[in-house]
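Please read the structure below before turning to the comments.
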Amino acid sequence: ADLMSALANATAQGAGAGMRRGGGGGGDPIAKPIAVMMIFMAGLSALAHVSRQSQISVALLTGLLFGWARLDESKGEDAKWNSALSPELNYTLIELGNVLVLFFAGLSCDVTSVRIYWYPILVVGAGYSLFATLLFALLGWASGLCVGAGTVIFFGICCSLSSKQIMVDHLTRVGQSKSLHSKILQGVALFQDGIAILAMAILHAFEKTVTDASPHMGANATMPAGPFRRAGASDAQPFDPPANPWHDRYLLGDEIGKSLAMTALVGLFFVLLNVFCLRKVFAFFTVDGEMLFIGTMAYNLGASGICTLIGFSPMIGSYFAGLSLSFLPSRHQIEHKISSLRGYGMTTFYFMMGIYVHLNGGFFETNFGFSILVSFVNVFVSPVIIVMFAWLCGVKARTAIYTSLLSNSLGETTLTLQVLAFEAGMFSQATF
């Protein structure tokens, strides 16, 4: 009886401690950091609404400020605000927000526009992607932050992908979602999504083959590839990549081939699912609003979970799940029913990403000028490139200008690729 009583007390204390550590190990519940974050964000949100700016920038700016304040680090046992948001919880919320954001990115694709306006979409999408990737890769190489061909290439890709979320929000807000430039933009966004999916698959292979090699080992030494430690797994450096990132070159090629083959197979699976199953299943779900909500989220998170189980990227799985639903007649009904989760996923992802970056004064002293240069090129030079390619394929000047001025923003896909490249040791802290 004494033994059972002791076990019961230990279990109760452990459960209570686990609940208290929900905010990050110091006894603060998760409600405290989330409450402060939402109150701060509410004030900025009102300013963004008055100035007709996207709420995405509000969430990201809030996260950057909280990350600068090191909200996710312990302040000591006696501190009033102690480790309010743990690194593990931060990264978990990034994953959750990312799954939701990519699902809605796939769901919002307008495949019909691609069939009708395929020529300007192909010319603008391919021309701009290639030209911008080369331009930003050159800037990354010239800065000295990007060392090695892989880092330079992925830096160029990250900087050349536009924000689909900002574009869709603006077109919906001003009532131009049916315009010609909107159709071209959505087609170009789908083209860029394809590039991002391939990049995610390759980075997934890099992450599976990265090892923390000993500095005493030779460059030609062989060692088995091991899984990369998750962010937050190291108490000393919770967000740093391996000190000496090294990829097993004998396994890397195999892993890239497997990852690309798995991407094709998973994509084919969702195509077959759409042709033979989804229409009937979601016709049944749409009978009841609550069942539609639960069924849609089960489909999204289930696809992500199964992809994780088979060793594939859960982010690509979520995107494919959303893309497969974009072909259904009930697509708009699905979007309307779960639109609240879209805002939640977007806010969570951008806020946690802002914290994850961990900006500091040292960065501004050494690399802020380069950030300004990259931003200037993206905002002012990218539209010129898009107008040039739009003019080559016969698009009218007004449509070309509208298209260009809604493509010069970085967003959710860029941030996703940055995290993957950072985890795989492709990006250093400064590059990230």
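Since the model is a prediction, treat every value here as computed from it, not as a measurement.
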Q: May I have the step-by-step check of side chain to side chain contact (heavy atoms under 4.5 Å, CB included) for Tyr402 and Ser182, ending in yes or no?
A: CA-CA 9 Å; Tyr402 267 100; Ser182 174; over 6 Å; no

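- In this structure, Leu180 and Tyr117 have side chains that are in contact, with non-hydrogen atoms separated by less than 4.5 Å.
- Contact check for Phe320 versus Thr263: side-chain heavy atoms found under the 4.5 Å cut-off.
- Side-chain atoms of Ser330 do not come within 3.5 Å of backbone N or O of Gln333 as any donor-acceptor pair.
- Counting heavy atoms from C-beta on, the side chains of Thr286 and Met291 never come closer than 4.5 Å.
- Taking the six-membered ring for Trp and thresholds of 30 and 60 degrees, Tyr299 and Phe282 have ring planes more than 60 degrees apart, a perpendicular arrangement.
- The heavy-atom pair separating Ser407 from Ser162 by the smallest distance is O-OG, 2.6 Å.
- Between the side chain of Glu255 and the backbone N or O of Phe206 there is no donor-acceptor pair closer than 3.5 Å.
- The closest side-chain donor-acceptor pair between Thr431 and Ser428 falls under 3.5 angstrom.
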Q | Tyr319 vs Ser313, side chain to side chain contact (heavy atoms under 4.5 Å, CB included): CA-CA, chis, key distance, verdict | A | CA-CA 10 Å; Tyr319 178 81; Ser313 170; over 6 Å; no

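- Using modelled atom types, one side-chain atom of Lys164 and one backbone atom of Ala105 make a donor-acceptor pair closer than 3.5 Å.
- By the 6.0 Å contact criterion, CZ on Phe370 is enclosed, its count of non-hydrogen atoms from other residues, nucleotides or ligands being greater than 12.
- To the nearest 0.5 Å, atoms CZ (Phe154) and SG (Cys159) are separated by 13.5 Å.
- We find the CG-CD1 distance between Leu292 and Ile338 to be 7.5 Å, quoted to the nearest 0.5 Å.
- Of all heavy-atom pairs between Glu335 and Leu107, the closest is CG-CD2, 3.5 Å.
- Residues Ile195 and Ser129 are in side-chain contact: their nearest non-hydrogen atoms beyond the backbone lie under 4.5 Å apart.
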Q: Output, in order, the C-alpha distance, side-chain angles, deciding distance and verdict of side chain to side chain donor-acceptor pair (under 3.5 Å) for Asn300 and Ser318.
A: CA-CA 6 Å; Asn300 173 24; Ser318 289; 3.3 Å; yes

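- Looking only at distances, a side-chain donor or acceptor of Arg331 sits under 3.5 Å from a matching main-chain atom of Ser108.
- For the pair Leu102 and Ile316, the minimum side-chain heavy-atom distance is 4.5 Å or more.
- For the pair Tyr350/Glu412, a side-chain contact is recorded, criterion being any heavy-atom separation below 4.5 Å from C-beta on.
- Among all heavy-atom pairs drawn from His204 and Gly311, the shortest one is NE2-O, 3.0 Å.
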Q: Check the pair Ser160, Thr133 against side chain to side chain donor-acceptor pair (under 3.5 Å), reporting the backbone distance first and the verdict last.
A: CA-CA 6 Å; Ser160 64; Thr133 299; 3.1 Å; yes

Q | Chi angles and distances behind the side chain to side chain contact (heavy atoms under 4.5 Å, CB included) call for Phe349, Leu415 | A | CA-CA 9 Å; Phe349 175 64; Leu415 293 175; 3.9 Å; yes

Q: Could you check Phe155 against Phe427 for side chain to side chain contact (heavy atoms under 4.5 Å, CB included), going step by step and ending with a plain yes or no?
A: CA-CA 8 Å; Phe155 182 83; Phe427 285 179; 4.3 Å; yes

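- Contact record, Ala390 with Ala400: CB-CB, 3.7 Å, taken as the closest heavy-atom pair.
- Put simply, the side chain of Val99 does not reach to within 4.5 Å of the side chain of Glu95, judged on heavy atoms.
- Using bins of under 30°, 30° to 60° and over 60° for the plane-to-plane angle, the ring pair Phe131/Phe389 lands in the perpendicular bin.
- In this structure the side chain of Met200 reaches within 4.5 angstrom of the side chain of Leu420, judged on heavy atoms.
- Atom CG of Leu190 is separated from atom CG of Leu185 by 12.5 Å, given to the nearest 0.5 angstrom.
- Annotation for Ala201 and Leu260: closest pair CB-CD2, 4.1 Å, computed over non-hydrogen atoms.
- Closest approach of Leu161 to Leu410, counting heavy atoms only: O-CD2, 3.4 Å.
- Considering SG of Cys109 and CG of Leu323, their distance stands at 5.0 Å, rounded to 0.5 Å.
- For the atom pair OG of Ser324 and CZ of Phe103, the computed distance is 7.5 Å after rounding to the nearest 0.5 Å.
- Within the model, atoms CD1 of Ile306 and CG of Leu301 stand 11.0 Å from one another, a figure rounded to the nearest 0.5 Å.
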